[in-house]
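Just dropping this structure here.
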Amino acid sequence: MLTSHVSHHSRILSRALLALVATVLLAVPAQAAPTQKVYSVTVSPNSVGAGQTREYTLAVSNQAGSQSLGSINVTTPSGFHYLAVTQQPAAGSAAIVGSTLQLRNLNLAAASSVTVKFTAEAPCVQTGSNQWNFAAKQSNDFNGTRNDFTLNEAASQRVTSVTGNCQLNWTTQPGSAKVGQTITDTDYDAVDGVLNGASIAAEVLSATYPNSSPGTRVTFSADHVALAIGHDPNPPADPAQLGGTVGADAVNGVATFTPGPNIDLHGLDFTLMATNANMTSDESAEFDVSDAVGECAKGQCNNLHTDGDTVDASLSSTSTTGIIAMSIG
């Protein structure tokens with residue numbers, strides 16, 4: 001009887017211990033299964049000059065346990081623009097659709113890598129994140145759910161920094177003009193009057209390359225370019241004022257000032273500055289502004305108004321800058 005009683009109590013105690021262990025196990029949160037579908041990327045170069053067109057190399061490594069990687073979408077950092085795919089992957093395809101590089105039908109096995117090359121333009125001004133953004137799936141056509149791969153950030157290099165400044169460059173220089181006249185590329189002639197000319201213009205160039213090669217036109221630039229008087233021959237206390245078209249947005253990288261600016265005071269050797277707060281300015285070639293207007297024919301001007309006086313003058317020569325050499329009186 002005593003043995004039976006002890007055995008009965010042992011069974012009760014064992015059941016209580018089992019119940020306690022089960023309760024403790026249930027109280028411990030379940031641990032999530034480790035992610036198996038992992039990949040890493042490397043984008044190079046990791047630094048480019050402002051506005052530069054460069055070739056980039058994208059290397060993708062499948063770090064999954066057993067699953068193959070089928071497709072990836074790669075979107076540019078803010079302000080970057082894709083141009084072309086220059087090297088297709090060994091298997092599958094790469095195509096640019098808007099701001100996305102689409103890699104399809106990769107069938108990239110676990111522990112394997114693939115390389116793709118493409119060209120892209122960097123912005124003149126970095127305005128947002130400088131990371132290339134990735135989304136990857138096991139499916140070859142980037143379809144379906146619950147088959148996404150996770151990017152291994154620690155093993156990836158997906159940052160491209162932008163250095164230096166874009167620069168402005170005069171492509172159509174200003175010609176000499178008369179006071180208040182629209183400035184074009186054609187010199188004003190006091191004998192023949194105002195001649196029709198092309199609008200003056202300045203282009204946006206990329207930062208100079210490390211080997212000191214000149215910058216190239218940033219064809220996607222729509223940046224605003226403003227004009228200001230550079231050299232003014234008038235006294236600082238009474239400077240000339242710039243009017244008319246004093247700014248323009250670039251189109252395909254060129255800012256055209258149509259119909260053009262004008263200057264309200266005469267003087268020799270004026271210059272104009274093409275400016276943008278985020279770019280290196282460029283100063284134009286010198287030009288002159290004349291207030292000589294009147295009834296002019298070859299060799300003679302009557303009722304000539306110059307600096308407030310009305311005179312008659314005979315013309316002795318015409319300079320290449322459009323300013324008349326006169327014999328007055």
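Residue indices begin at 1 and follow the sequence shown. As the structure is a computational prediction, the values presented were derived from the model and not from experiment.
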> From Leu242 CG over to Phe270 CZ, what is the distance, rounded to the nearest 0.5 angstrom?
Replying inline: 9.5 Å
> Is the backbone of Gly260 close enough, under 3.5 Å, to the side chain of Thr245 for a donor and an acceptor to pair up by distance?
Replying inline: yes
> What is the distance from atom CG of Leu272 to atom CD1 of Ile263, rounded to the nearest 0.5 Å?
Replying inline: 5.5 Å
> Taking it one step at a time, do Leu268 and Asp288 satisfy side chain to side chain contact (heavy atoms under 4.5 Å, CB included)?
Replying inline: CA-CA 5 Å; Leu268 302 178; Asp288 304 320; 3.6 Å; yes
> Restricting to pairs with a member in residues 221-240, which pass ring-ring contact (aromatic ring centres under 6.0 Å, His included), not counting sequence neighbours?
Replying inline: none
>> Show me the pairs that pass ring-ring contact (aromatic ring centres under 6.0 Å, His included) and involve residues 138-158, at least two apart or across chains.
In response: none
>> Is any side-chain heavy atom of Asn62 closer than 4.5 Å to one of Gln67?
In response: no
> Sequence neighbours excluded, which residues qualify as side-chain contact (heavy atoms from CB on, under 4.5 Å) partners of Ala201?
Replying inline: Thr171, Thr172, Val254, Thr256
>> Do Ile183 and Val246 sit in one hydrophobic cluster, given that two such residues count as connected whenever their side-chain heavy atoms are within less than 4.5 Å of each other, even indirectly?
In response: yes
>> A side-chain contact here means heavy atoms from C-beta on lying under 4.5 Å apart; do Val179 and Val289 qualify?
In response: yes
> Taking all non-hydrogen atoms of both residues, which atom of Ala248 and which atom of Ala255 are closest, and how far apart?
Replying inline: O-CB, 3.9 Å
> Can you pull the salt bridge (Lys or Arg N to Asp or Glu O under 4.0 Å) pairs that have at least one residue in residues 147-167, sequence neighbours excluded?
Replying inline: Lys137-Asp148, Glu153-Arg158
> What residues form a side chain to side chain donor-acceptor pair (under 3.5 Å) with Asp238, not counting sequence neighbours?
Replying inline: none
> Could you give all pairs that pass the salt bridge (Lys or Arg N to Asp or Glu O under 4.0 Å) test and reach residues 260-286, with sequence neighbours left out?
Replying inline: none
> Heavy-atom distance under 4.5 Å between the side chains of Phe287 and Ser176, does that happen here?
Replying inline: yes
> Shared ILVMFWY cluster between Leu58 and Val38, side chains joined below 4.5 angstrom?
Replying inline: no
>> Give me the atom names and distance for the closest heavy-atom approach of Ala110 to Ala64.
In response: CB-O, 3.3 Å
> With side chains defined as the heavy atoms from C-beta onward, is the minimum distance between Phe134 and Val43 less than 4.5 Å?
Replying inline: yes
>> Under the criterion side chain to side chain contact (heavy atoms under 4.5 Å, CB included), I'd like the reasoning laid out for Leu168 against Val204: C-alpha separation, chi angles, the key distance, then a yes or no.
In response: CA-CA 5 Å; Leu168 295 170; Val204 179; 3.9 Å; yes
> For the hydrophobic clusters of this structure (ILVMFWY residues joined by side-chain heavy atoms under 4.5 Å, transitively), does one cluster hold both Ile200 and Leu205?
Replying inline: no
>> In the structure I gave you, are the side-chain heavy atoms of Gln87 and Thr57 within less than 4.5 Å of one another anywhere?
In response: no
> If you look at every heavy atom in Ala177 and Tyr188, which pair is closest and at what distance?
Replying inline: CA-CB, 3.7 Å
> Roughly how far, to the nearest 0.5 Å, is the OG atom of Ser66 from the NZ atom of Lys37?
Replying inline: 10.0 Å
> Roughly how far, to the nearest 0.5 Å, is CZ of Arg217 from CG of Asn252?
Replying inline: 8.5 Å
Would you give me the side-chain donor-acceptor pairs under 3.5 Å for residues 93-105, sequence neighbours excluded?
{"residue": "Arg104", "atom": "NH1", "partner": "Ile72", "partner atom": "O", "Å": "3.3"}
{"residue": "Arg104", "atom": "NH1", "partner": "Asn73", "partner atom": "OD1", "Å": "3.0"}
{"residue": "Arg104", "atom": "NH2", "partner": "Asn73", "partner atom": "OD1", "Å": "2.9"}

> About how many Å separate OG1 of Thr53 and CZ of Phe220, when rounded to the nearest 0.5 Å?
Replying inline: 7.5 Å
> Are Val218 and Val48 connected in the hydrophobic side-chain network, where two residues link if heavy atoms are under 4.5 Å apart?
Replying inline: no
> Taking all non-hydrogen atoms of both residues, which atom of Pro174 and which atom of Ala285 are closest, and how far apart?
Replying inline: CG-O, 4.4 Å
>> Between Leu227 and Thr275, is there a side-chain heavy-atom distance shorter than 4.5 Å?
In response: no
> Which residues pass the side chain to side chain donor-acceptor pair (under 3.5 Å) test with Asp232, sequence neighbours left out?
Replying inline: Asn234
> Quick one: OG1 on Thr86 to NZ on Lys117, what's the gap to the nearest 0.5 Å?
Replying inline: 7.0 Å
> Between the main-chain N or O of Val159 and the side-chain N or O of Gln157, is there a donor-acceptor pair closer than 3.5 Å?
Replying inline: yes
> With distance as the sole test, does Thr76 use its side chain to make a donor-acceptor pair with the main-chain N or O of His81 at under 3.5 Å?
Replying inline: no
>> Suppose the criterion is disulfide bond (SG atoms under 2.5 Å apart): which pairs have a residue in residues 92-158, not counting sequence neighbours?
In response: Cys124-Cys166
> Side chains of Gln63 and Ser40: is there a donor and an acceptor less than 3.5 Å apart?
Replying inline: yes
> Who pairs with Thr219 by side chain to side chain donor-acceptor pair (under 3.5 Å), at least two apart in sequence or on another chain?
Replying inline: Glu121
> How about Val41 and Leu151: do any of their side-chain heavy atoms sit closer than 4.5 Å?
Replying inline: yes
>> Going by the rule side chain to side chain donor-acceptor pair (under 3.5 Å), which residues pair with Ser71 if we only count those two or more places apart in sequence or in a different chain?
In response: none
>> Is there a side-chain contact between Thr186 and Asn196 in this structure, where contact means two heavy atoms from C-beta onward sitting under 4.5 Å apart?
In response: no
> If you take all heavy atoms of Pro123 and Ser78, which pair is closest and at what distance?
Replying inline: CG-O, 4.0 Å
> Do you know which two heavy atoms are closest between Pro45 and Thr160, and how far apart they sit?
Replying inline: O-OG1, 3.3 Å
> Transitively linked via ILVMFWY side-chain contacts under 4.5 Å: Trp170 with Met279?
Replying inline: yes
> Can you pull the ring-ring contact (aromatic ring centres under 6.0 Å, His included) pairs that have at least one residue in residues 50-79, sequence neighbours excluded?
Replying inline: Tyr56-Phe118, Tyr56-Trp132
> Hey, does the side chain of Ser284 reach the backbone of Gln173 with a donor-acceptor pair shorter than 3.5 angstrom?
Replying inline: no
>> Under the criterion side chain to side chain contact (heavy atoms under 4.5 Å, CB included), I'd like the reasoning laid out for Val74 against Tyr82: C-alpha separation, chi angles, the key distance, then a yes or no.
In response: CA-CA 11 Å; Val74 188; Tyr82 282 122; 3.6 Å; yes
